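Written below as C-alpha cells is the structure these notes are about.
Note that the coordinates shown come from a computational prediction; the quantities given were computed from them, not determined experimentally.
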Amino acid sequence: MNFYEFKMKDYRGQEVDFSKYKGKVLLVVNTATKCGFTPQYTGIETLFEKYHEKGFEVLDFPCNQFMGQAPGSSEDIHQTCTLKYKIMFDQFEKIDVNGKNRHPLYKFLIETCPVDTGKRISWNFNKFLIDKEGNVVTRFGSSTKPEAIDAEIAKLLTE
C-alpha cells in the first residue's frame with residue numbers, strides 16, 4: 001500500500017481520498033486540544049499559510065490516547081481549532097495512533113519512515129513530513145516546534 005491509497009473520514013465524517021494529495025508536500029500530525037503542545041497549532045497554521053499556494057498541505061489527526069487530551073467529538077475539536085487557532089488545513093476524525101486499534105495510516109507512517117524513532121507515537125504533536133511522491137521523509141517529535149521544520153518543507157517544495 002502507498003500513501004495515496006488511503007481513504008479516511010474528515011471531522012464531518014466525509015470520506016477523503018488521499019489521491020487528492022498527489023504531488024504535494026504533506027505534514028501529518030497527531031494532535032490534541034488540551035495538551036501542553038497545543039499552541040503548536042499556531043505555528044502549523046503559519047507554515048500552512050506560508051506554503052499552501054506552493055503545494056503544501058497539513059493533515060491533522062486528533063488523538064485522545066494521551067491522557068484524554070483530545071476530548072469531545074471530532075466536530076467539537078474542529079470548532080475549537082478554527083475558533084481559537086484559526087486553522088484552515090484539513091482536519092480528520094479522531095483516530096488511535098498506537099495499540100491494537102492503531103489506524104493503518106499510522107502503521108504505514110511508522111513502518112516506512114527512514115528515521116527510526118521507535119515503533120510508537122510518543123505523544124501528541126508528532127509530525128511526519130511526506131514528499132511529493134508520497135514517501136515519508138522524516139519524523140519529528142512533539143517538542144520540535146513547527147518553525148524548526150520550515151526549511152525542510154521549503155526544500156521539499158523546490159525538489
Side-chain angles (χ1 to χ4, degrees), residues 1-41 43-45 47-48 52 55-82 85 87-146 149 152-153 156:
M1 182 162 211
N2 72 50
F3 185 83
Y4 302 122
E5 292 177 48
F6 284 96
K7 293 178 182 175
M8 296 185 67
K9 292 184 190 246
D10 68 13
Y11 71 93
R12 295 177 304 246
Q14 302 297 311
E15 187 173 84
V16 176
D17 187 330
F18 279 23
S19 66
K20 83 177 221 169
Y21 298 114
K22 281 185 179 178
K24 299 187 182 241
V25 172
L26 308 170
L27 186 67
V28 177
V29 187
N30 65 295
T31 62
T33 54
K34 304 279 186 195
C35 174
F37 294 111
T38 302
Q40 286 189 21
Y41 267 123
I44 294 168
E45 177 61 24
L47 290 173
F48 177 73
H52 179 68
F56 176 65
E57 298 285 345
V58 174
L59 284 63
D60 175 5
F61 295 93
C63 177
N64 200 37
Q65 287 188 288
F66 304 101
M67 294 181 64
Q69 294 181 343
S73 71
S74 296
E75 286 193 13
D76 293 338
I77 291 168
H78 182 72
Q79 184 175 19
T80 297
C81 292
T82 55
Y85 298 101
I87 70 160
M88 303 282 290
F89 47 80
D90 292 348
Q91 194 169 51
F92 293 82
E93 68 182 2
K94 273 199 273 191
I95 63 169
D96 283 354
V97 298
N98 287 324
K100 66 179 179 166
N101 294 320
R102 172 185 281 163
H103 193 281
L105 173 66
Y106 268 78
K107 185 176 189 302
F108 170 84
L109 293 171
I110 290 167
E111 289 178 358
T112 63
C113 185
V115 179
D116 184 8
T117 55
K119 299 300 177 196
R120 292 183 41 80
I121 300 297
S122 58
W123 202 255
N124 303 307
F125 289 88
N126 270 228
K127 303 158 202 70
F128 289 88
L129 193 57
I130 298 171
D131 68 17
K132 294 177 186 178
E133 287 77 46
N135 301 307
V136 179
V137 175
T138 193
R139 175 178 168 184
F140 303 96
S142 304
S143 61
T144 301
K145 293 181 179 176
I149 62 177
E152 292 192 52
I153 294 167
L156 288 174

Apply side chain to side chain donor-acceptor pair (under 3.5 Å) to Y41 and D60, showing your working. CA-CA 10 Å; Y41 267 123; D60 175 5; 3.0 Å; yes

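Counted by atom type alone, N2 and E5 present one or more donor-acceptor pairs between their side chains at under 3.5 Å. No hydrogens or angles considered: nothing links the side chains of N124 and T31 as a donor-acceptor pair under 3.5 Å. Judged by distance alone, the side chains of Y11 and D90 never bring a donor and an acceptor atom under 3.5 Å apart.
With respect to the salt-bridge test (charged N to carboxylate O, under 4.0 angstrom), the residues K9 and E15 do not qualify. The pair D131-K24 fails the salt-bridge criterion, with no side-chain N (NZ, NE, NH1 or NH2) lying under 4.0 Å from an Asp/Glu carboxylate O.
For Y4 and Y21, the distance between ring centers is not under 6.0 angstrom. Residues F48 and H52 place their aromatic rings such that the two centres sit under 6.0 Å apart.
Summarising the geometry, atom OG belonging to S74 is positioned 5.5 Å from atom CD belonging to E93; distances are rounded to the nearest 0.5 Å. Atom OG of S142 and atom CZ of F37 lie 5.0 Å apart (nearest 0.5 Å). Distance CD/Q91 to CD1/I77: 7.0 Å, rounded to 0.5 Å.
Annotation: side chain to side chain donor-acceptor pair (under 3.5 Å) contacts of Q65 (sequence neighbours excluded): none. In this structure E111 satisfies the side chain to side chain donor-acceptor pair (under 3.5 Å) test together with K107, sequence neighbours excluded.
The closest side-chain heavy-atom distance from F56 to I153 is below 4.5 Å. Side-chain contact between K20 and E57: absent, with no pair of heavy atoms (C-beta onward) separated by less than 4.5 Å.
A donor-acceptor contact shorter than 3.5 Å is absent between the side chain of R139 and the backbone of F128. Of the possible polar contacts, one joining the K127 side chain to the G141 backbone as a donor-acceptor pair under 3.5 Å is found. When atom types are taken as modelled, the side chain of T144 and the backbone of F140 share no donor-acceptor pair closer than 3.5 angstrom. Using modelled atom types, no side-chain atom of N101 and backbone atom of N98 make a donor-acceptor pair closer than 3.5 Å.
Considering every non-hydrogen atom in both Q69 and N64, the closest pair reads N-OD1, 3.3 Å.
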